[in-house]
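Residue numbers start at 1 and run along the sequence shown. One-based numbering, in listed order, for ligands and for the atoms of each.
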Amino acid sequence: MTLLYTSDAERGRIWRAIFEAEAPDIAFMTPEEMSDPAAIRYLAAWDPSAELLARLSGLEILFSVGAGIDQFDMGKLPRHVRLVRMIEPGITEGMVEYACGAVLTLHRNLIDYRIAQREHRWAPIKLLPASARRVGVMGLGQLGQAVLGALRPFGFALSGWSRSRHVIEGVTCHAGEAELPVFLSGCDILICLVPLTAETRGILCRKTLSQLPRGAALINVGRGGHLVEHDLLSFLDEEHLSAAILDVTEPEPLPEQHPFWDHPRILLTPHIASMTRADSAARALIANIRRHQTGQAMEGEVTRDRGY
Ligand code: NDP
Ligand code: OXD
């Protein structure tokens, strides 16, 4: 049983040590060590080249080293190869921390205070109780639900939106395109945590952003491709939106001259909301391989036709 690993070298050293200690029956290999490509059954990668994929004739499963799978060119991946995204505590914990930090930044008007500080203005803003602030999460999957769970103790009025219907205690749940307008109209702070698919590309656009209440703010931790940048800039300039916290852009990194860099109402971070944690991810991968070996459903297997 051979696993080929083609991602970050530092993480690779940690994974190798964990595989050797905890799953010695699975040979852990990097491309430099690969003598027989046809013997590779599992590939753990972020964005494998088409040339590499073409050489792996015995490949059964492609494991993403991250939560997202939009980076893969599905057209280059043979239909029979199963695709699995990464679900591991490090990614979830990182996202929970970032999203809660971003919501509190907006809730406590820290973007306004940053602007006021630059202008040497001492300008207190009346405190709004958390219960009066409506926070909505687009995407009620692994990360969206964890974020909602962590926001709950603050007392925010929580809602969520997903493709299929969910029932989550303390969260008003909406489902499907038909319920998107009512969901958006109840979000003072909107968090985007859907995967990037053909259906969700450009979902944060003029039509949807205009359905947010005046003064609402956006947190995009999904993918840059969700956002129509020009529409966000118009809504910020027209003061329909009050602020945006963006962890993802398209392209990444953002070009030097991009207007987001200097916009006073945009807080930008370089795609660091969460990161795959080496030790917990290695163990999550081993657990998934064991599930596969014993005929159980793997955690995070992607439905390829659905795109996530
Ligand atoms: P999941 O697959 O667990 O959840 C996806 C959610 O989105 C599901 O609730 C799904 O609905 C919903 N969804 C998908 N398509 C649609 C649609 N067309 N309309 C409405 N809802 C839809 O994903 P994760 O929570 O694990 O991750 C979400 C994304 O977060 C990743 O794909 C990645 O892009 C991003 N991410 C960003 C990181 C960062 O550092 N910025 C780090 C990690 C992830 P349903 O429940 O009905 O299936
Ligand atoms: C991921 C990411 O998908 O870091 O894991 O964005």
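Between Arg290 and Glu22, none of the side-chain N atoms (NZ, or NE/NH1/NH2) sits under 4.0 Å from a carboxylate O, so this pair counts as no salt bridge. Ion pairing between a basic and an acidic side chain is recognised when a charged N comes within 4.0 Å of a carboxylate O; Glu177 and Arg163 show no such pairing. In this structure, Arg152 pairs ionically with Glu169, as a charged nitrogen and a carboxylate oxygen lie closer than 4.0 Å.
Contacts with ligand 1 closer than 4.0 Å are made by side-chain heavy atoms of Arg223 only, the backbone lying farther away.
Regarding atom 23 (O) of ligand 1, its nearest protein heavy-atom neighbour is Arg85 NH1, 3.8 Å. With respect to atom 21 (N) of ligand 1, the closest heavy atom belonging to the protein is Arg163 N, 3.0 Å. Here the heavy atom of the protein found nearest to atom 28 (C) of ligand 1 is Leu193 O, 3.4 Å. From the protein, the heavy atom lying nearest to atom 42 (C) of ligand 1 is Ser274 OG, 3.1 Å. Residue, atom and distance of the protein heavy atom nearest to atom 9 (O) of ligand 1 are Leu140 N, 2.8 Å. Closest to atom 44 (C) of ligand 1 among all protein heavy atoms lies Leu143 CD1, 3.4 Å. Nearest protein neighbour of atom 8 (C) of ligand 1, counting heavy atoms only, is Gly141 N, 3.7 Å. Among all protein heavy atoms, the one lying closest to atom 7 (O) of ligand 1 is Pro195 CD, 3.3 Å.
Taking the ring pair (Phe, Tyr, Trp, His ring centres under 6.0 Å) definition, one finds that His166 meets it with nothing, sequence neighbours left out. With sequence neighbours excluded, the residues forming a side chain to side chain contact (heavy atoms under 4.5 Å, CB included) with Asp73 are Lys76, listed by chain and number.
Judged by the shortest distance from any of its heavy atoms, Thr197 lies outside the 4.0 Å radius around the atoms of ligand 1. Using a 4.0 angstrom heavy-atom cutoff, Thr200 counts as in contact with ligand 1. Within the 4.0 Å heavy-atom shell around ligand 1 one does not find Glu177. Heavy-atom distances between His166 and ligand 1 reach below 4.0 Å in at least one pair.
Stacking of Arg16 on the aromatic ring of Phe19 is not recorded, the 6.0 Å distance cut-off and the 45° axial limit not both being met. Cation-pi contact between Arg206 and Phe235: present, with separation from the ring centre below 6.0 Å and deviation from the ring axis of at most 45°.
Those atoms of ligand 1 with a heavy atom of Glu199 less than 4.0 angstrom away are 18 (N). The Val221 neighbourhood of ligand 1 comprises atoms 35 (C), 36 (N), 37 (C), 38 (C), 39 (C), 41 (N), with distances under 4.0 Å to a heavy atom of that residue.
Proximity of the aromatic rings of His107 and Phe156 is defined here by a centroid distance below 6.0 angstrom, and this criterion is met.
Gln145 is listed as a side-chain neighbour of Ile168, based on a closest heavy-atom distance under 4.5 Å.
Residues in residues 223-236 take part in these salt bridge (charged side-chain N to carboxylate O under 4.0 Å, His left out) pairs, two or more places apart or across chains: Asp70-Arg223.
Comparing heavy-atom distances from atom 12 (C) of ligand 1 across Asp247, Val194, Ile87 singles out Val194 as nearest. Evaluated by nearest non-hydrogen atom to atom 15 (N) of ligand 1, the leading choice among Tyr308, Tyr98, Phe183, Trp161 is Tyr308.
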Check ligand 2 against the protein and report each N/O to N/O distance under 3.5 Å, formatted as atom name, atom name, distance.
unit_1, atom_1, unit_2, atom_2, d
ligand 2, 3 (O), Ala67, N, 3.2
ligand 2, 3 (O), Gly68, N, 2.7
ligand 2, 3 (O), Arg223, NH2, 2.8
ligand 2, 5 (O), Ala67, N, 2.7
ligand 2, 6 (O), Arg223, NH1, 2.8
ligand 2, 6 (O), Arg223, NH2, 3.2
ligand 2, 6 (O), His271, NE2, 2.6

* Asked: Taking it one step at a time, do Gln296 and Thr294 satisfy side-chain hydrogen bond (donor to acceptor under 3.5 Å, both in side chains)?
  -> CA-CA 6 Å; Gln296 300 170 64; Thr294 52; 2.8 Å; yes

